[in-house]
Amino acid sequence: MNTTPVEYSKKDFMSDQTIRWCPGCGDYSILSQVQTVFAGLGLAKEKYAIVSGIGCSSRFPYYMNTYGFHTIHGRATAVATGLKLSRPDLSVWVVTGDGDGLSIGGNHMAHLLRRNVDLNVLLFNNRIYGLTKGQYSPTSEIGKKTKSSPMGSIDHPFNPIAFALGCGSSYISRSVDVFASHLRDTLTAANTHSGTSFVEILQNCNIFNDGAWDSMVDKDHRDGRVLYMEHGKPLVWGSEDDKYGFILDGLSIKPVKLGETHQETDCVLHDKHNLILATMLANLDPSDGAPLAVGTFYESDKSTYDSMFVTQIADATSRLGAGDLAKLLNSGETWTV
Amino acid sequence: MNTTPVEYSKKDFMSDQTIRWCPGCGDYSILSQVQTVFAGLGLAKEKYAIVSGIGCSSRFPYYMNTYGFHTIHGRATAVATGLKLSRPDLSVWVVTGDGDGLSIGGNHMAHLLRRNVDLNVLLFNNRIYGLTKGQYSPTSEIGKKTKSSPMGSIDHPFNPIAFALGCGSSYISRSVDVFASHLRDTLTAANTHSGTSFVEILQNCNIFNDGAWDSMVDKDHRDGRVLYMEHGKPLVWGSEDDKYGFILDGLSIKPVKLGETHQETDCVLHDKHNLILATMLANLDPSDGAPLAVGTFYESDKSTYDSMFVTQIADATSRLGAGDLAKLLNSGETWTV
Amino acid sequence: MSNAAPVVLDQVVVRFAGDSGDGIQISGDQFTRTSALAGNDLATFPDYPAEIRAPAGSREGVSGFQIQLASHPVFTPGDIADALVAFNPAALVTNLDGLREGGIIIVNSDKFAKIDLEKARLVSNPLEDGTCDKFRLVQAPIGKLTKEAVEAFGLKTKEIDRCKNFFALGMVYWLYGRPLDPTEEWLRKRFKPPFLDANLASMRAGHAFAETAELFEGPFMVPPAVIAHGTYRNVTGNLAIALGLAAAAVKSKTTVFYGSYPITPATDILHTLAPFKNFGVATFQAEDEIAAVCASIGASYGGAIGVTGTSGPGLALKQEAIGLALMAELPLVIINVQRAGPSTGLPTKTEQADLLQAMYGRNGESPVAVLAPATAADAFDVTLQAVRLSVKYRTPVVVLSDGYVANSSEPWLLPDIDALPPIEVVHPTDPETFKPYLRDPETLARPWAIPGVPGLEHRIGGLEKADITGNISYDAHNHEKMCHLRAEKILRMRADIPATDVHGAASGTLVLAWGSTYGAIRTAVDQCLAEGQAVAHVHLRHLNPLPADLADIMGRYAHVIVPELNMGQLSKILRAEYLVDAIPFTKIQGQPFRVAEVKARLDALVAN
Amino acid sequence: MSNAAPVVLDQVVVRFAGDSGDGIQISGDQFTRTSALAGNDLATFPDYPAEIRAPAGSREGVSGFQIQLASHPVFTPGDIADALVAFNPAALVTNLDGLREGGIIIVNSDKFAKIDLEKARLVSNPLEDGTCDKFRLVQAPIGKLTKEAVEAFGLKTKEIDRCKNFFALGMVYWLYGRPLDPTEEWLRKRFKPPFLDANLASMRAGHAFAETAELFEGPFMVPPAVIAHGTYRNVTGNLAIALGLAAAAVKSKTTVFYGSYPITPATDILHTLAPFKNFGVATFQAEDEIAAVCASIGASYGGAIGVTGTSGPGLALKQEAIGLALMAELPLVIINVQRAGPSTGLPTKTEQADLLQAMYGRNGESPVAVLAPATAADAFDVTLQAVRLSVKYRTPVVVLSDGYVANSSEPWLLPDIDALPPIEVVHPTDPETFKPYLRDPETLARPWAIPGVPGLEHRIGGLEKADITGNISYDAHNHEKMCHLRAEKILRMRADIPATDVHGAASGTLVLAWGSTYGAIRTAVDQCLAEGQAVAHVHLRHLNPLPADLADIMGRYAHVIVPELNMGQLSKILRAEYLVDAIPFTKIQGQPFRVAEVKARLDALVAN
Ligand SMILES: Cc1ncc(C[n+]2csc(CCOP(=O)(O)OP(=O)(O)O)c2C)c(N)n1
Ligand SMILES: Cc1ncc(C[n+]2csc(CCOP(=O)(O)OP(=O)(O)O)c2C)c(N)n1
Ligand code: SF4
Ligand code: SF4
Ligand SMILES: [Mg+2]
Ligand SMILES: [Mg+2]
């Protein structure tokens with residue numbers, strides 16, 4: 001089999017299908033970054049398979065000139081698991097939404113995360129069901145008014161990062177549709193992790209939930225509200241003259257203003273291998289003034305399901321030899337007439 | 001409607017159905033404690049409804065002389081949600097297994113926990129599928145050999161407590177089938193919490209996974225291996241002359257031997273309202289020498305779904321009056337011929 | 001010509017088409033309402049694009065609204081339009097297929113610049129390249145004229161743009177001799193100055209433009225129809241179902257618990273019901289379809305009337321749980337708004353291909369009742385009937401609506417609420433006589449015992465039950481008995497089905513159908529009847545059980561033909577049940593039947 | 001009497017019954033194997049209690065094993081036993097119903113103390129109260145005698161107890177003139193001293209006791225049957241399916257990916273397959289049925305052969321995803337081991353009530369192929385055929401096994417592996433000619449293009465596909481075309497179905513059936529034929545598509561009767577498809593047909 005060259009431009013990953021997202025949808029930016037990142041990973045194009053469920057976000061595979069499977073609602077993670085187990089040579093990416101991945105698909109997501117199959121999950125979180133025209137989702141804030149919740153939603157939302165931590169996920173990060181370069185870095189980093197990489201991407205649905213993340217991520221707020229977590233670096237955010245950081249305070253991290261009483265050097269250093277710190281960062285509540293943390297929350301070294309799957313097959317084969325069908329059928333008690 | 005007396009003995013909660021569990025099964029002890037606890041809660045017998053899925057554990061309702069619904073595999077939490085929403089006056093209990101509640105039923109469990117419907121979930125964790133005769137479950141340890149995993153399971157297990165934390169559960173506790181009085185106390189406490197009380201009960205399946213918990217909970221080990229968490233009390237365990245405790249060490253809790261260098265007073269006090277401490281305690285790994293924590297991991301004050309559900313209906317009704325059907329049908333644009 | 005007496009027409013089909021943002025649906029609704037007030041009978045169909053927001057001006061983004069109005073009863077929005085209002089090139093070219101030769105086209109000629117053509121993937125201008133030759137093309141610079149008309153009110157460009165549809169509506173009102181008042185009144189309720197004034201001015205300008213520009217051979221006039229007296233409103237099928245559930249709550253004095261997970265085209269039922277909290281309707285948006293149906297079962301177990309709504313793929317997911325309700329013998333109504341499958345299929349398109357799924361899509365012998373509404377308005381009655389049967393017989397009942405019924409609308413003669421019979425809900429309370437599976441001798445229903453009643457504590461579940469006691473039973477003969485009892489319970493519902501209405505000839509060809517095909521079939525049959533053909537139409541509301549008199553009726557006809565929007569599902573059932581050579585007549589295009597298609601098939605059958 | 005020449009019998013039915021711990025299944029297996037080696041044809045059925053471990057001595061805890069051995073071909077384990085070995089009172093009283101009048105009972109008389117009777121909810125001793133009057137009761141103090149026989153080996157009481165079954169087996173071996181060597185040899189392979197010696201001693205003691213105690217009128221003798229030459233082994237249906245999948249992996253040189261979630265009675269397939277890793281079989285225990293089927297679809301998408309196994313309620317859950325495989329046109333084999341429903345039903349009991357679910361249980365028009373094994377051994381061929389069709393036509397294929405086929409066992413003539421045709425797997429690689437939905441003109445299959453091939457990058461999914469390109473298409477006529485193509489693809493499989501085998505008379509009554517009822521029906525038909533009745537038997541392996549010659553065949557018979565363990569599912573299909581008055585003959589008791597039941601029904605039909 002020929003392999004195609006691995007020097008690509010972004011254009012090589014653009015398919016010929018007309019894009020059907022609403023003009024202005026955050027999905028466009030994510031698509032663009034994924035195309036750019038794929039072009040740069042050095043992997044042959046035919047080795048990528050993108051599996052999605054159903055939702056606006058799940059239309060993603062159609063727009064990527066790779067192998068793609070637009071499956072059914074909530075099941076992309078399960079389909080991708082089977083694909084990766086049968087084809088460990090592929091780079092498998094799951095694209096899903098907050099509804100697809102956490103509502104109907106929450107269980108397969110949870111089990112994927114605990115099993116740690118080596119694939120990348122991109123969860124486009126717009127806090128709404130886009131494709132079905134705007135009902136609250138499992139990440140919508142309580143009190144959200146939508147057509148299905150005219151008096152405000154009474155569902156306490158999931159925190160996707162905390163959820164992933166609770167499932168034993170080995171890699172958890174977050175970025176934002178409009179943070180082009182941060183998103184590219186996030187995707188690239190996620191791809192290098194072996195095991196399931198869970199990437200929450202905050203995404204704007206400008207039709208049904210416009211500005212859901214604006215108070216943190218738009219140009220006006222971004223500088224003051226976003227904490228870029230970097231492993232080994234202090235947990236600080238804000239602009240040069242209005243800077244904050246987290247210091248340790250018993251069993252919690254406390255935000256302090258830097259400058260007078262506290263310096264950057266007092267701040268907690270981010271440690272992506274620390275589950276407890278990850279839990280603290282996951283539970284920051286930006287709606288309550290806390291910064292929005294982006295970057296890698298957590299990474300751990302956990303054996304992957306697919307490698308163990310393959311190993312057991314290899315071990316059995318090396319121990320027992322390639323199966324002899326005649327012998328198998330003749331096993332047990334036989335008799336000859 | 002008459003209400004029956006609320007003075008009961010355990011026998012009042014025993015049904016006339018022959019119990020079909022294997023002799024020696026841990027489910028017997030749990031049944032006995034639940035019957036005793038129900039008798040003591042002061043609630044009229046007809047107000048209890050027990051909803052279960054499918055599994056050995058899920059046979060529970062048949063043996064309780066209350067209302068009971070033995071539903072289908074994995075869906076007890078969803079059925080119970082509907083029941084509680086239609087009948088907030090009932091005391092609704094879900095009985096489920098590690099397979100029923102965390103494998104096929106993991107999603108409904110997760111959504112129940114985040115929604116915080118006011119009911120009690122008893123998850124009988126025997127780390128095995130009992131009813132289907134012994135396959136590894138989502139809580140089985142990696143490497144477990146069963147009929148479906150002859151070379152050892154390659155599934156990293158869920159940690160049910162961590163899972164519940166990740167789902168935003170408002171009440172999480174743990175007890176053990178054979179800890180009769182601790183189990184009774186645990187159940188009683190869970191019942192007083194308003195919101196979903198998630199109770200993991202370690203249970204022995206003496207047929208397919210005998211002794212799964214023995215190295216921590218049997219009479220020989222119990223004293224040295226079990227940490228009884230009590231709110232406001234230091235986190236200590238062990239016997240009088242061989243006692244240990246947790247002290248705070250940066251972002252973690254560290255086990256120390258008490259006596260010489262460390263005293264009970266140095267130890268962290270349990271705070272069931274602290275999510276971070278709960279996370280630390282949830283992630284103790286008894287298979288790695290850590291003590292097994294039992295008691296209440298976490299409790300938070302979070303509005304319940306059912307109360308908000310009822311409130312919205314009441315608010316709408318008081319704002320708009322009882323619905324006038326004629327008016328509703330005549331709303332919109334009408335014309336008369 | 002404009003002052004000439006209007007040309008009188010029996011019926012007219014008008015189609016509005018443009019971008020989603022062009023106010024197509026509003027124009028359509030207003031034209032509908034004004035025509036209804038003028039006494040016409042009518043039927044409408046809004047046609048949404050598959051994408052949420054396809055690019056403006058693209059073919060994929062075209063939104064449509066079709067209405068048929070007539071001086072006689074009409075049952076469909078019309079096969080083919082007499083007039084088309086197209087707001088842009090894409091709307092024009094994608095709709096010409098549905099316009100009759102010689103039909104009127106009104107276009108916004110301002111929107112045919114090169115860039116507009118490109119958006120529609122056109123290389124030449126359809127206004128000039130002969131595309132419209134077979135039609136009467138009216139080019140109106142609607143954009144420019146609207147702008148002039150509303151200049152005075154100081155609106156922004158975007159806001160001016162939003163008045164365009166009223167200009168076009170004004171033109172159409174003139175063309176069909178309609179008064180402006182109903183829409184003026186509506187505008188007054190909806191808009192404040194300066195938007196009110198701008199819209200009014202725009203509509204009047206359109207009206208005046210049509211009158212003075214002498215572009216048409218009109219005006220035309222469709223005289224009022226003779227229709228039943230009473231108060232009417234327009235309803236879509238989804239709305240009618242929601243209203244039916246509200247009525248069920250009121251009439252049963254029992255909470256209707258609607259558990260659902262959003263899915264096209266059923267979601268609007270949830271949207272409509274959510275604000276009905278003060279009517280005894282509780283809605284629960286679940287995490288998936290399985291949770292939705294299970295929560296509804298839990299609610300029924302508690303004494304509410306559990307209802308769950310979905311579309312085909314969601315029904316597949318619910319089937320296991322429907323089996324539980326069937327075994328537990330609890331009320332449960334399942335609304336399934338069918339869409340084109342298989343799998344995700346064509347989710348915005350209509351189809352009738354879930355009949356066999358509804359009948360047989362569960363493990364084991366698991367009979368459920370199945371009903372289907374014929375039209376949007378009919379969905380109200382069908383919903384009420386479904387609840388009634390489910391409560392009375394304590395068993396799941398499936399309502400098979402579809403994308404067409406869900407979204408089409410028609411005038412609905414409002415029922416007399418007091419005349420609607422109550423839905424009787426009885427829960428046993430007497431421990432002496434209570435047995436969980438002791439059956440009502442008439443309906444075979446078991447008692448609907450709910451938690452909270454002292455002395456009635458008992459256990460139910462999905463394992464086979466012993467007759468009467470309801471205890472788990474592995475007994476062979478009990479199982480056989482229970483299977484037959486559950487089946488018999490469904491058959492007993494025949495007592496609740498009125499005599500079948502046969503429309504048309506007493507012998508010859510019987511057209512036997514169900515669900516949303518009603519309008520096209522009834523119209524085609526009426527045309528055949530008018531031509532003297534021996535044709536009759538029976539439209540089934542009850543698919544399971546089938547009416548007791550159906551065998552007799554079929555026996556009277558030489559041919560039985562079964563038109564369906566699937567590959568022959570009802571005909572399979574009829575053939576199996578009655579060994580009658582029911583001839584399938586199928587269409588599986590995501591589209592409703594056209595009258596002409598049905599007519600042609602019937603003609604061919606008669607000719608043979 | 002003991003030295004008399006053995007009484008020769010044509011066939012014998014023996015039943016072992018006792019607590020799960022009594023070694024019933026081992027006794028049965030040994031007796032089966034010894035009889036097979038003696039050249040008998042035979043069929044067996046193990047009968048497990050519904051509970052995991054019901055209390056020892058209780059009625060619920062009784063485990064059974066029935067075997068029919070004969071000097072002629074046999075197809076069932078027998079309606080009624082000639083001899084019953086009962087290890088305790090519960091085993092005795094729950095099995096008397098299945099013993100013919102005058103049949104032999106061997107009981108362990110040590111186990112009839114008061115406490116033993118109580119465990120079985122008995123108030124009087126059935127050995128004394130007349131219960132056994134109609135039978136030939138042999139009371140053997142098996143416990144005591146076993147103890148004496150093994151005294152020498154220093155075992156613990158519990159260990160001694162475990163030798164009891166060999167004592168009883170020894171008795172039975174004497175009774176039917178069987179050699180002890182095969183079991184001795186087996187014991188030598190399985191046990192080490194002192195257990196080996198104890199078991200050997202116990203069996204020999206039982207044999208000697210039977211011979212000397214002169215309790216019987218035996219010994220009896222069942223001469224060898226004339227059966228095809230070759231090597232045999234016993235298989236259950238579940239085992240045969242697992243072996244079939246292993247063979248499919250080898251014959252296709254492609255990984256078989258088996259995704260499953262445990263469920264009775266299908267779980268053993270997973271258990272059996274799990275150690276076949278070196279045969280190219282990969283197993284995945286998923287979190288639920290939906291994940292199982294989806295993972296299998298993902299595996300097929302990657303180029304493995306995706307297989308998923310379950311039972312009825314699980315099939316319901318998988319249906320939405322099966323629709324996806326159908327739309328994506330990927331190979332997928334679904335093994336459904338039917339159990340008694342609806343809902344949880346009677347999970348350990350057998351039934352054939354998922355046929356319609358398999359055919360119609362999905363949204364939209366979603367045809368799949370359906371096959372059913374007739375017997376345990378047949379399940380091997382059916383499984384291979386299912387994989388072959390699924391791979392060849394790229395579409396889901398359902399195999400309908402059931403609890404009876406799954407657990408019953410019969411001798412299986414081992415196939416010549418080299419003679420099994422390979423399963424051809426082809427993945428396209430040429431970008432020039434590749435189109436995702438360009439069909440093979442013969443099979444209509446689309447190319448099975450898998451990720452990793454340069455230049456073939458493409459997208460598939462559950463939305464309707466355009467013919468040839470596979471792009472999303474909302475086109476009305478394309479949808480109709482694709483629906484018909486998917487249906488036609490299934491019909492084309494007729495080319496892979498051999499001519500239907502008609503057994504019996506050329507006219508008269510045709511017995512048309514499918515699945516696990518084969519044995520009882522074939523035996524009953526043979527009895528009718530022996531009596532000169534004009535009866536024939538066709539047993540369908542292919543339920544969808546039905547064989548091309550079936551209409552012709554049915555046309556030759558005056559009556560077509562369709563015996564099924566459901567409420568008439570195949571007969572519905574036949575009636576709808578062929579308008580033939582197929583008479584349903586149904587039984588829905590969680591139990592297989594008895595030969596006598598079928599015979600009686602056929603007699604009645606002929607008498608009419
Ligand atoms: C089984 C099933 N249930 C429901 C639906 C309808 N549905 C399609 S997408 C969707 C939610 C999408 O939300 P999300 O995953 O957040 O995607 P977004 O559109 O917001 O990107 C729903 C409910 C479906 N297609 N299939
Ligand atoms: C839909 C469905 N899938 C599978 C099963 C089979 N099944 C019954 S119980 C069970 C697992 C039970 O495990 P757990 O919940 O841990 O209960 P336990 O028996 O261990 O108490 C399974 C797989 C079923 N009944 N229904
Ligand atoms: S509805 Fe929202 S999420 Fe969907 S395409 Fe439009 S903007 Fe994007
Ligand atoms: S199998 Fe295990 S869990 Fe089930 S009843 Fe027996 S001991 Fe208990
Ligand atoms: Mg979303
Ligand atoms: Mg378990």
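Protein chains get the first letters and strands the later ones, always in sequence-line order, with residue 1 at the start of each. Values in this document were obtained by computation on a predicted structure and should not be read as measured data.
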| Among A/Asn120, A/Leu113, A/Thr77, A/Thr304, side chain to side chain contact (heavy atoms under 4.5 Å, CB included) partner for A/Thr196 | A/Leu113
| request: Could you check B/Leu269, B/Ile247, B/Leu281 and say which one makes a side chain to side chain contact (heavy atoms under 4.5 Å, CB included) with B/Leu235? | output: B/Leu281
| message | Please identify, among B/Pro157, B/Ser252, B/Pro138, B/Ala282, the residue contributing the most non-hydrogen atom pairs under 4.5 Å to chain A. | response | B/Pro138
Portion of [X] that has a non-hydrogen atom of chain A nearer than 4.5 angstrom:
X	result
B/Leu165	neither
B/Thr311	neither
B/Ala316	both
B/Ile142	side chain
B/Asp271	neither
B/Leu102	backbone
B/Pro150	neither

| message | What part of A/Ser303 gets within 4.5 angstrom of chain B, counting heavy atoms only: side chain, backbone, both, or neither? | response | both
| Heavy-atom contact with chain B under 4.5 Å, split by part of A/Pro160 | neither
| Could B/Asp155 and A/Arg114 be called an ion pair, given the rule that one side-chain N must be under 4.0 Å from one carboxylate O? | yes
| task | Find out whether A/Arg319 and B/Met151 are in side-chain contact, i.e. whether some heavy atom of one side chain is under 4.5 Å from a heavy atom of the other. | result | yes
| query | Would you call the rings of B/His231 and B/His273 parallel, tilted or perpendicular if under 30° counts as parallel and over 60° as perpendicular? | reply | perpendicular
| task | For A/Ser103 and A/Tyr129, run side chain to side chain donor-acceptor pair (under 3.5 Å): C-alpha distance rounded to whole Å, both residues' side-chain angles, the deciding distance at 0.1 Å, then the answer. | result | CA-CA 10 Å; A/Ser103 193; A/Tyr129 295 160; 2.9 Å; yes
| said: The criterion is side-chain hydrogen bond (donor to acceptor under 3.5 Å, both in side chains); which residues satisfy it with A/Lys233, sequence neighbours excluded? | reply: A/Glu230
| said: At a heavy-atom distance under 4.5 Å, which candidate from A/Phe163, A/Phe309, A/Phe158 has the highest pair count against chain B? | reply: A/Phe158
| said: So, using ring-ring contact (aromatic ring centres under 6.0 Å, His included) as the criterion, who are the partners of B/His156 when residues are at least two apart? | reply: none
